[in-house]
Amino acid sequence: MIDKLGRDITYLRISLTDKCNLRCRYCMPEEGVCKRAHHEMMNEDELVTAVEAAASLGIHKIRLTGGEPLVKRNILSICRRVAAVEGIREVCLTTNGILLPQLARQLRQAGVSRLNLSLDTLDPQKYAYITRIGKLEDFRAGLQAALEAGFEKVKLNAVLIGGFNDDEIEALANLTMEYPVDMRFIELMPIQDHDEFGPDAYVPYSRVLEKLPAAVPVPKDGGVAKLYRLPGAKGNIGLISPISAHFCSECNRLRLTADGKLKPCLHAPDEYSIKGLDYEGIRAVFEQAILNKPAWHGDLDALHRSQAGRNMNEIGG
Ligand code: SAM
């Protein structure tokens, strides 16, 4: 479906759960999530119906995210069923990687073609700090499992945080010399109501280029990241700049929350409920959400907070 601004909406991100086995400081509160009644959340059959309705309107790429999608007990069945929906060409998944040693191969067999893994630092103490409870060695085991499982692509995502990991830009970028992965730097988005990051935490993507003078531009791969490559590298450097150079005019995505709210824009308060609707009802809501997709996400910086109304773990990154 083409929206009012001519954007072809082909990409749906589905948050499978608000819950996570980490507690990243920029993403969710330390105490985790409020317990919600089972019946308030989308169940597997409802999710598959939503994907069928979305596919009938032209969605062909699905990303499963969260929260942490791999904490869902039925994750493999969801992947298998979503991948089998007619019209779906690609099922991707975003994860912190902690559970990949058990699940990587089975996810691949279930039809997941690409993985994004979150990694903000290579320092074990800083990893424990930013995730509040994570161990870097568990991430490393997950990355190894991902690389061995034969995914078409593995990307690493680092949220760029001034005073925390801007001194690790070279070290993180050098992972592309060691492994066949893309390393992407994402500007920190001011989403949480209260966070501990001051104005200096909001570092523009241009800082990455200043630190990597040898990186040369390479053509985009259809995503929103600006791509560069270090000489001799096995993967690209990606720069994702929702703050300093937003890409709203190219935005081709919708988001579905774990409680069944369709969000046409990550940073807008607008939500359209599909919970409890049948195929035709869901299809109509998708059409409405696409037609009302905002032109852009508005100003975002340390002073202008996101209007999303939810933390990132409740939307799906
Ligand atoms: N648990 C999974 C993970 O860790 O990748 C998937 C969910 S997480 C919400 C998805 C992505 O959103 C991660 O790469 C995370 O770093 C990013 N993210 C969360 N909060 C963010 C923020 N405030 N600004 C920028 N990226 C954020």
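Counting convention: from 1, in listed order, for ligands and their atoms alike.
- Regarding atom 6 (C) of ligand 1, its nearest protein heavy-atom neighbour is Gly67 O, 3.2 Å.
- Close N/O approach between Glu68 and ligand 1 is found [any backbone or side-chain N/O within under 3.5 Å].
- By the criterion of a heavy-atom distance under 4.0 Å, neither the backbone nor the side chain of Asp120 is placed next to ligand 1.
- No donor-acceptor pair closer than 3.5 Å links the side chain of Glu280 to the backbone N or O of Asp278.
- Heavy-atom contacts of Asn157 reach the following atoms of ligand 1: 14 (O) (cutoff under 4.0 Å).
- Atoms of ligand 1 lying under 4.0 Å from at least one heavy atom of Asn96, given by number and element, are 2 (C), 3 (C), 4 (O), 5 (O).
- Of the protein's non-hydrogen atoms, Tyr26 CD1, 3.5 Å is the one closest to atom 21 (C) of ligand 1.
- Remark: the backbone N or O of Glu168 is not paired with any side-chain donor or acceptor of Asn165 at under 3.5 angstrom.
- Looking from atom 4 (O) of ligand 1 to the surrounding protein, the closest heavy atom is Ser118 OG, 3.3 Å.
- Only the side chain of Thr65 comes within 4.0 Å of ligand 1, counting heavy atoms alone; its backbone N, CA, C and O stay farther away.
- Annotation: cation-pi pair Arg25/Tyr129 present, NZ/CZ under 6.0 Å from the ring centroid and within 45° of its normal.
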Worked check of side-chain contact (heavy atoms from CB on, under 4.5 Å) between Ile2 and Ile9
CA-CA 6 Å; Ile2 312 283; Ile9 310 302; over 6 Å; no
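- Between Ile186 and ligand 1, no N or O atom pair is found at a separation short of 3.5 Å.
- Summarising the geometry of Ile14 relative to Leu47, their closest heavy-atom pair is CG2-CD2, 3.5 Å, with the distance given to 0.1 Å.
- In terms of protein heavy atoms, atom 19 (C) of ligand 1 is closest to Met312 CG, 3.3 Å.
- Asn313 does not count as a contact of ligand 1, since none of its heavy atoms falls under 4.0 Å from the ligand.
- Of the protein's heavy atoms, Met189 O, 2.9 Å lies nearest to atom 23 (N) of ligand 1.
- Scanning the protein heavy atoms around atom 11 (C) of ligand 1, the nearest turns out to be Gly317 CA, 4.1 Å.
- Counting atoms of ligand 1 from 1 in the listed order, those under 4.0 Å from a heavy atom of Gly66 are 7 (C), 9 (C).
- Which parts of ligand 1 touch Glu187 is read off a 4.0 Å heavy-atom cut-off, strictly below it: atoms 25 (C).
- When side chains are defined from C-beta on, Tyr205 does not count as touching Ile186, because their heavy atoms never get closer than 4.5 Å.
- Among the candidates Arg229, Lys155, Lys153, Lys234, the single residue satisfying the side chain to side chain donor-acceptor pair (under 3.5 Å) test with Asp182 is Lys153.
- For the residue pair Lys61/Thr10, the side-chain donor-acceptor check at 3.5 Å is not satisfied.
- Side chain of Lys211 to backbone of Asp166: a donor-acceptor contact under 3.5 angstrom is found.
- Arg36 and Asp259 are joined by a salt bridge, as a carboxylate oxygen and a charged side-chain nitrogen come within less than 4.0 angstrom of each other.
- The nearest heavy-atom contact from the protein to atom 16 (O) of ligand 1 is Val159 CG2, 3.1 Å.
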